[in-house]
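Take a look at the structure below.
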2 protein chains.
Amino acid sequence: MQLKLKRDMSRKKAILRAATAFFSQKGFSETSMSELSKITGVAGGTIFYHFKNKEELFLAVLENVKADIIEEFGRYFGEKKFENGMEMMEGVILFYLYLAVTMEDHFLLLHRHYPYKLAETNPVCRGHLEAIYNCLADIFEQAILTGQKDGSIGDVNPRKTALIIFSMIDGIARFKTYNLYDAAALCNDVIAACRRMLERRVTPPACPAMPQT
Amino acid sequence: MQLKLKRDMSRKKAILRAATAFFSQKGFSETSMSELSKITGVAGGTIFYHFKNKEELFLAVLENVKADIIEEFGRYFGEKKFENGMEMMEGVILFYLYLAVTMEDHFLLLHRHYPYKLAETNPVCRGHLEAIYNCLADIFEQAILTGQKDGSIGDVNPRKTALIIFSMIDGIARFKTYNLYDAAALCNDVIAACRRMLERRVTPPACPAMPQT
DNA sequence: CTCTAAACTGATTGGTCACTCAGTCAGTTT
DNA sequence: AAACTGACTGAGTGACCAATCAGTTTAGAG
């Protein structure tokens with residue numbers, strides 16, 4: 001019975017893993033089920049035994065992606081401690097860009113059109129995407145809120161600024177996967193730009209030697 | 001002869017216009033040539049008379065997109081004049097977000113995967129994409145260089161910062177088309193964030209009343 | 001009106017695709 | 001050992017699609 005279960009799980013997982021790579025790198029409609037069965041060494045019908053149809057397989061892949069991303073950030077915050085909110089923001093940005101390389105398939109999938117189109121009609125898909133994006137946006141917001149408490153970050157709208165930085169980092173990651181620009185080369189400048197964007201302004205009003213321009 | 005030409009052009013242009021909408025909204029492989037012929041009221045073979053195959057049709061669409069985008073920015077800079085570099089940057093950002101709404105199809109196409117995948121093997125496609133992205137990146141860079149000359153923008157790496165802001169704005173536009181967040185609601189905060197990121201820091205070193213922390 | 005070339009047609013073709021289903025088989029239960 | 005179960009198989013099906021091509025229409029030049 002143990003052997004049986006193991007066999008089952010390895011097959012299903014193998015299909016899921018291959019499907020993740022295929023959906024990410026080739027897209028939904030360019031991924032053929034028969035190709036998928038060939039590469040996993042499984043008969044055509046087996047995939048449909050484990051997953052009702054192509055769309056269900058995609059949803060299973062997306063669910064995996066969601067779980068992995070949320071888990072990775074959970075682990076990161078479990079291990080790492082930060083001096084202040086600004087340091088936390090820097091850490092999150094670097095970790096995001098790091099994940100975009102090490103979990104390339106996962107982010108590639110999220111940079112495709114299909115999941116968002118499917119989300120318009122499929123509430124399960126929409127749920128997964130919302131979970132991922134809320135998780136990520138919350139993390140950026142948390143860094144800003146922390147920084148505003150400890151004084152390392154200035155007076156900005158936390159949620160909106162979090163979304164702006166999120167879209168900036170995600171945009172960089174996207175440019176990288178499309179081979180348009182090199183994210184690594186921009187890394188230091190991105191951090192610097194964020195610091196300038198967020199840092200608290202020390203307005204020197206009481207200084208007579210420094211007249212305002 | 002004029003009538004003949006007009007008829008010809010209207011057919012070809014109608015196909016091109018419909019193809020732009022389809023490729024943008026449905027993607028390359030989900031766009032069927034027969035559907036395209038149906039919607040333009042043209043026989044199936046007619047499309048292949050004007051365009052060698054589906055890929056050539058896509059390239060023609062992309063070329064149009066390129067021309068339109070470059071033309072729009074050209075017109076904008078022909079009409080508008082700016083006080084300084086920072087104002088120019090603000091104008092460019094707002095215009096970019098404005099275009100992402102009014103020319104939604106064009107930007108949707110650029111947010112898809114297919115053109116970048118095709119660019120890996122097709123130099124013509126790669127050329128179009130490079131032209132678009134260089135044009136846009138140059139515009140952001142130009143604003144920064146202008147601002148650094150007139151003192152409205154501080155000492156940052158012009159090219160790299162241009163790419164960062166570009167990816168930020170493009171990320172916002174992308175979030176909008178995917179219905180994840182509302183670009184309009186973020187608009188003011190994006191401008192404010194950019195200003196903080198770019199503005200010249202007045203370090204008050206000579207002021208005894210303001211000790212550095 | 002005639003001729004010619006360009007524009008256009010749509011039935012056809014060869015191929016791929018997602019999905020089905022009748023049936024095999026290994027292992028478990030009775 | 002018989003009955004049952006869940007995992008798996010792979011040939012088959014109908015739908016669709018890009019591209020073709022032999023033939024028709026159109027439009028203007030001579």
Side-chain angles (χ1 to χ4, degrees), chain A residues 1-62 112 114-115 117-118 121-122 125, chain B residues 1-62 112 114-115 117-118 121-122 125:
Chain A
M1 180 209 169
Q2 254 190 340
L3 220 160
K4 192 180 172 186
L5 242 180
K6 201 175 166 189
R7 198 163 119 84
D8 166 22
M9 286 315 275
S10 76
R11 293 265 221 186
K12 199 173 172 184
K13 271 192 183 167
I15 293 166
L16 215 54
R17 202 174 318 131
T20 305
F22 272 52
F23 283 143
S24 300
Q25 286 158 31
K26 310 172 58 140
F28 183 78
S29 57
E30 278 84 359
T31 294
S32 97
M33 300 299 263
S34 65
E35 209 182 341
L36 215 45
S37 73
K38 243 172 247 160
I39 219 150
T40 47
V42 145
T46 306
I47 300 180
F48 291 96
Y49 172 75
H50 288 292
F51 306 94
K52 210 177 74 194
N53 53 34
K54 202 178 174 184
E55 191 176 302
E56 285 268 308
L57 174 59
F58 181 84
L59 288 175
V61 165
L62 188 62
R112 286 198 166 272
Y114 184 75
K117 194 170 153 193
L118 183 60
T121 56
N122 186 313
C125 181
Chain B
M1 181 210 167
Q2 255 191 337
L3 221 160
K4 191 183 174 185
L5 244 180
K6 201 176 167 188
R7 191 162 127 80
D8 167 22
M9 287 315 277
S10 76
R11 293 263 221 187
K12 200 173 172 183
K13 272 192 181 167
I15 294 167
L16 217 53
R17 203 175 316 131
T20 305
F22 271 52
F23 283 143
S24 299
Q25 286 157 31
K26 309 173 57 138
F28 183 79
S29 57
E30 279 85 357
T31 294
S32 97
M33 300 299 265
S34 66
E35 209 182 340
L36 215 45
S37 74
K38 241 171 248 159
I39 219 151
T40 46
V42 145
T46 306
I47 300 179
F48 290 95
Y49 171 77
H50 289 292
F51 305 94
K52 209 177 75 195
N53 53 34
K54 202 178 176 186
E55 190 175 304
E56 285 269 308
L57 174 58
F58 181 84
L59 288 175
V61 166
L62 187 62
R112 286 197 167 271
Y114 184 75
K117 193 168 152 191
L118 183 59
T121 57
N122 186 313
C125 180

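All chains are named by letter (A, B, ...) in the order of the sequence lines, taking the proteins before the strands, and each is independently numbered beginning at 1. Side chains included, hydrogens not; waters and symmetry mates left out as well; all remaining heavy atoms used.
Listed by first and then second residue, the salt bridge (Lys or Arg N to Asp or Glu O under 4.0 Å) pairs involving residues 29-48 of chain A are A:Lys26-A:Glu35 (not counting sequence neighbours).
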Given protein heavy atoms under 4.0 Å, the one-letter contact record of nucleotides 13-21 of chain D, with B base, S sugar-phosphate only and - none, is simply ----SSBB-
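Annotation: side chain of B:Leu36 is in contact with side chain of B:Leu57 (closest heavy-atom distance under 4.5 Å). Residues B:Leu59 and B:Phe51 have side chains not in contact (no heavy-atom distance under 4.5 Å, counting atoms from C-beta outward). For the pair A:Phe22/A:Met33, no side-chain contact is recorded, criterion being any heavy-atom separation below 4.5 Å from C-beta on.
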- With side chain to side chain contact (heavy atoms under 4.5 Å, CB included) as the test, would you mind laying out the steps for B:Leu118 and B:Leu62 before giving the verdict? CA-CA 11 Å; B:Leu118 183 59; B:Leu62 187 62; over 6 Å; no
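For DNA chain C, runs of at least 3 consecutive pairs of the Watson-Crick or G-U wobble type, with both hydrogen-bonding distances under 3.5 angstrom, map to C:1-30 with D:1-30.
Between A:His50 atom NE2 and D:dT9 atom C1' the separation is 12 Å, expressed in whole Å. The nearest whole Å value for the distance from the NZ atom in B:Lys38 to the C1' atom in C:dT9 is 15 Å. Regarding A:Arg11, its CZ atom lies at a distance of 12 Å from the C1' atom of C:dA26, rounded to whole Å.
Ring centroid separation for the pair A:Phe58 and A:Tyr114 comes in under the 6.0 Å cut-off.
Of the possible donor and acceptor atoms, none in the side chain of A:Ser29 sits under 3.5 Å from a partner among the backbone N and O of B:Ser29. Put simply, the side chain of B:Arg112 gets close to the backbone of B:Gln25: a donor and an acceptor are under 3.5 Å apart.
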